[in-house]
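As structure tokens, the structure follows; a few thoughts come after it.
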2 protein chains.
Amino acid sequence: MRQETTVIPFAQNGLGEKMDGPDDATDLLRQISHGRISAGALARFVGLPLAPAPHPEWTRFMCRRLRHGDIPVRAGDPCQHLYVVIRGSFCTRTIDAAGKARVIAFERASDTLGLDGLASGRYTTESIALELTDVAVIPLAGLARPGYEGAALRTFIYRLLGRQILRNQAMMAMMAASRAVTRLGAFLFDWHARSDASLRFALPMRRTDIASLLGLSKETVSRTCSTLDRTGIVVMRRQRVTVLDREALHRTATGAIPSGATRSPVRRTSSSAPAHGVFAADDLVLLHRD
Amino acid sequence: MRQETTVIPFAQNGLGEKMDGPDDATDLLRQISHGRISAGALARFVGLPLAPAPHPEWTRFMCRRLRHGDIPVRAGDPCQHLYVVIRGSFCTRTIDAAGKARVIAFERASDTLGLDGLASGRYTTESIALELTDVAVIPLAGLARPGYEGAALRTFIYRLLGRQILRNQAMMAMMAASRAVTRLGAFLFDWHARSDASLRFALPMRRTDIASLLGLSKETVSRTCSTLDRTGIVVMRRQRVTVLDREALHRTATGAIPSGATRSPVRRTSSSAPAHGVFAADDLVLLHRD
DNA sequence: CGTAAGATTGAATTAAATCAACTACAGTGG
DNA sequence: CCACTGTAGTTGATTTAATTCAATCTTACG
């Protein structure tokens with residue numbers, strides 16, 4: 001029943017990286033039993049190979065359920081655990097050189113929280129759960145000790161770290177894109193690609209936080225969303241997104257810009273009425289606040 | 001003679017982080033003997049604590065000398081080593097989602113190259129030496145094996161990774177700064193702070209590469225350099241930089257902008273003649289191309 | 001139903017990209 | 001030694017894009 005993990009080759013650039021992700025939701029739930037997840041299941045879940053070990057199922061990590069607004073990682077707290085996101089999403093902030101809070105990432109399933117605490121032993125960031133969220137808790141105490149479930153687990157942690165570095169690099173490449181529509185397009189395409197490649201998904205964070213991450217003003221984010229909506233590439237209604245033209249969105253994200261969009265107001269049929277029939281009564285399932 | 005390492009507390013944000021750096025050049029040279037550096041000396045050099053180990057001097061890493069243009073890390077190559085920069089600097093590029101090369105970092109003493117290869121086992125970036133450079137080579141083979149010089153070394157690697165994540169975060173915060181003068185100011189201040197806090201230093205990379213890193217056009221980088229020069233904050237002559245007003249540079253970097261600078265041409269006395277006497281005949285020592 | 005926080009839109013302003021010279025400098029070969 | 005040449009850097013003029021300030025609009029929620 002538990003097929004051996006297929007090592008997914010990673011794309012050159014973490015942004016477009018196709019996630020292994022959960023095999024499917026029910027399978028994942030099977031892997032989590034009694035609030036714990038085995039090292040093997042976690043490795044498969046995040047899509048990283050776990051080197052052969054005598055008993056990969058013997059090491060099990062605690063799982064914690066967090067609600068909207070919960071803060072597992074707080075700047076200044078001693079770094080005792082890493083958190084691998086199983087379900088849900090987080091917003092991670094840091095204090096920049098000017099003393100202002102800045103969003104530096106939104107974490108989702110298979111991302112890791114708390115890696116910034118490894119260097120000094122204290123977290124430097126603050127991660128807030130944006131919705132109902134499950135995380136696997138990896139204790140750091142004794143991780144380097146020879147006896148700690150052997151070499152396989154350590155290699156796994158190294159890969160986890162390595163991947164986060166990859167994702168940071170992809171993020172930086174994204175933010176260096178000159179135009180707002182390119183940055184936002186890349187952000188949306190990434191969110192789409194990591195939403196099980198579904199064309200419909202929710203953005204659980206505020207426009208202000210997207211703006212902070214991308215280095216834009218919230219007005220520009222809002223306007224650019226409207227432009228993408230108006231040109232028919234996506235439908236954006238607050239937190240609900242439907243991708244209508246995946247290829248065009250990808251072109252937008254890579255800088256092949258559909259520029260010169262007119263600045264006419266987005267026509268809305270009426271309050272919360274479905275546009276093109278893309279939103280139905282079950283829209284609520286898109287975002288569980290808690 | 002070899003005083004035990006003082007654990008340097010890390011700043012909240014990696015950008016303004018005061019480097020431990022080499023105790024001094026001669027001390028560093030003492031620590032490198034026969035082309036090798038001990039784990040203990042390397043840990044002290046990069047300013048990260050090495051947990052107590054029976055014999056921290058027993059593990060020694062090979063050192064390699066690289067010349068301008070050498071490429072120790074190449075995208076696609078199998079990731080077999082990490083490289084800790086001892087001396088000199090590198091420019092690291094990646095291929096972004098649009099297929100264009102993009103500078104994602106300039107590495108300097110105590111930075112680590114090759115961490116992006118840990119996730120998949122192959123490097124995704126390319127690092128080019130910008131000048132005469134020394135690196136310590138950390139072999140990854142067997143790093144996770146129980147016997148590999150014990151736990152202390154592994155912890156050290158974790159911290160090395162954690163710090164690079166911190167620096168990436170700081171970089172992202174810098175790049176999210178809206179204004180060009182803020183980004184460039186942060187870049188220069190960082191370079192200054194990590195040049196042994198010296199007020200005179202060289203920028204071994206091209207303007208084009210700074211522009212690529214910061215997400216600006218090369219013309220804007222050039223113009224902004226001229227503006228900072230004109231306002232008397234720094235003197236910039238091609239690759240040579242002298243900080244005249246460190247506090248003003250810091251204010252610029254944190255967004256407290258000395259805006260409204262006039263757009264008059266930078267007055268140069270004559271070809272390569274010293275301005276304000278800040279450049280002398282020994283300017284050449286600032287940059288060793290090879 | 002009223003309220004407040006978040007989101008959107010508009011108009012005016014400001015900053016940066018782009019296009020196009022032009023300059024400085026290192027390296028090369030006469 | 002000097003002219004030639006190509007690369008990197010600088011500057012100006014113009015166009016384009018994003019910010020800012022301000023006014024609604026929408027929606028979640030008590």
Side-chain angles (χ1 to χ4, degrees), chain A residues 68 130 175-184 202-212 214-230 236-241 255 257-273 275 279 283-284 287-290, chain B residues 68 91 130 175-184 203-212 214-230 236-241 255 257 259-273 283-284 287 289-290:
Chain A
H68 176 239
L130 293 172
M175 287 181 37
S178 44
R179 299 193 46 196
V181 70
T182 307
R183 289 189 225 181
L184 188 69
L203 293 176
M205 72 295 288
R206 298 175 303 181
R207 295 281 191 267
T208 302
D209 289 331
I210 298 176
S212 177
L214 299 180
L216 302 169
S217 69
K218 65 182 191 301
E219 292 94 338
T220 297
V221 170
S222 190
R223 260 187 268 273
T224 309
C225 286
S226 297
T227 302
L228 288 175
D229 184 298
R230 200 176 307 118
M236 298 198 71
R237 293 291 179 274
R238 301 268 165 162
Q239 300 197 314
R240 293 186 273 282
V241 183
I257 21 123
S259 173
T262 57
R263 281 209 180 186
S264 55
V266 179
R267 50 217 161 354
R268 306 195 195 282
T269 41
S270 85
S271 66
S272 81
F279 292 123
D283 276 358
L284 294 183
L287 186 60
H288 309 272
R289 256 295 142 81
D290 144 292
Chain B
H68 176 239
C91 173
L130 293 171
M175 286 180 37
S178 45
R179 299 191 46 197
V181 69
T182 307
R183 290 190 222 180
L184 188 69
L203 293 176
M205 74 294 290
R206 297 175 303 179
R207 295 280 191 267
T208 302
D209 290 330
I210 299 176
S212 176
L214 300 179
L216 302 168
S217 69
K218 65 181 193 300
E219 292 94 337
T220 297
V221 169
S222 189
R223 259 188 270 274
T224 309
C225 286
S226 297
T227 301
L228 288 175
D229 184 299
R230 201 176 307 118
M236 299 197 70
R237 293 291 179 272
R238 303 269 165 164
Q239 301 195 313
R240 294 185 273 282
V241 182
I257 23 127
S259 174
T262 56
R263 280 208 180 187
S264 56
V266 178
R267 58 251 159 311
R268 305 194 194 286
T269 40
S270 84
S271 65
S272 82
D283 278 356
L284 294 183
L287 185 61
R289 255 295 142 82
D290 141 311

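Given the structure is predicted, the values throughout are model-derived calculations rather than measurements. Residue numbers start from 1 in every chain, and the chains themselves are labelled A, B, ... in the order their sequence lines are given, proteins ahead of strands.
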**Request:** Would you kindly give the CE-to-C1' distance between Met175(B) and dA16(C), to the nearest whole Å?
**Result:** 15 Å

**Nearest heavy atoms of Ala180(A) and Thr224(A), plus distance in Å** = CB-OG1, 4.1 Å

Every protein N/O within reach of nucleotides 5-7 of chain C N/O, cut-off under 3.5 Å:
unit_1	atom_1	unit_2	atom_2	d
dG6(C)	OP1	Arg206(A)	NH1	2.9
dG6(C)	N2	Arg238(A)	NH2	3.2
dA7(C)	OP1	Arg207(A)	N	3.4
dA7(C)	OP2	Arg207(A)	N	3.0
dA7(C)	O4'	Arg238(A)	NH1	3.0

**Heavy-atom check, side chain of Val181(B) versus side chain of Thr227(B), under 4.5 Å** = no

**Request:** Would you kindly check whether a donor in the side chain of Arg237(B) faces an acceptor in the base of dG9(D), or vice versa, at under 3.5 angstrom?
**Result:** no

**Asked** CZ of Arg230(B) versus C1' of dG12(D): gap in Å, rounded?
**Response** 12 Å

**Request:** Grab the CD1-P distance between Ile210(B) and dA16(C) for me, whole Å please.
**Result:** 16 Å

**Request:** Locate the shortest heavy-atom distance separating Asp229(B) from Met236(B); write the atom from each residue and the value.
**Result:** OD2-N, 2.9 Å

**Prompt:** Within the pair Thr220(B) and dA17(C), is there a side-chain N or O less than 4.0 Å away from OP1 or OP2?
**Reply:** yes

**Message:** Just the rounded figure in Å: distance from P of dC25(D) to CD of Glu219(A).
**Reply:** 17 Å

**Request:** Round to the nearest Å and state the distance from Leu216(B) atom CG to dT10(D) atom C1'.
**Result:** 16 Å

**Asked** Hey, does the side chain of Arg183(A) reach the backbone of Ala177(A) with a donor-acceptor pair shorter than 3.5 angstrom?
**Response** yes

**Item:** Nearest to side-chain heavy atoms of Ala180(A), which nucleotide of dA18(D), dG12(D), dA22(D)
**Value:** dA18(D)

**Asked** Between His68(A) (NE2) and dC29(D) (P), how many Å, whole number?
**Response** 10 Å

**Prompt:** Any N or O donor-acceptor pair linking the side chain of Arg223(B) to the base of dG12(D) at under 3.5 Å?
**Reply:** yes

**Request:** List the atom of Arg238(B), the atom of Arg207(B), and the distance in Å for their closest heavy-atom pair.
**Result:** O-NH2, 2.9 Å

**Prompt:** What's the CZ-P distance between Arg240(B) and dA24(C), to the nearest Å?
**Reply:** 15 Å

**Message:** Just the rounded figure in Å: distance from P of dT10(D) to CG of Asp229(B).
**Reply:** 9 Å

**Request:** Calculate, to the nearest 0.5 Å, the distance between atoms CE and CG belonging to Met175(B) and Leu216(B) respectively.
**Result:** 9.0 Å

**Request:** Without swapping roles, check the side chain of Ser226(B) against the backbone of Ser222(B) for a donor-acceptor pair under 3.5 Å.
**Result:** yes

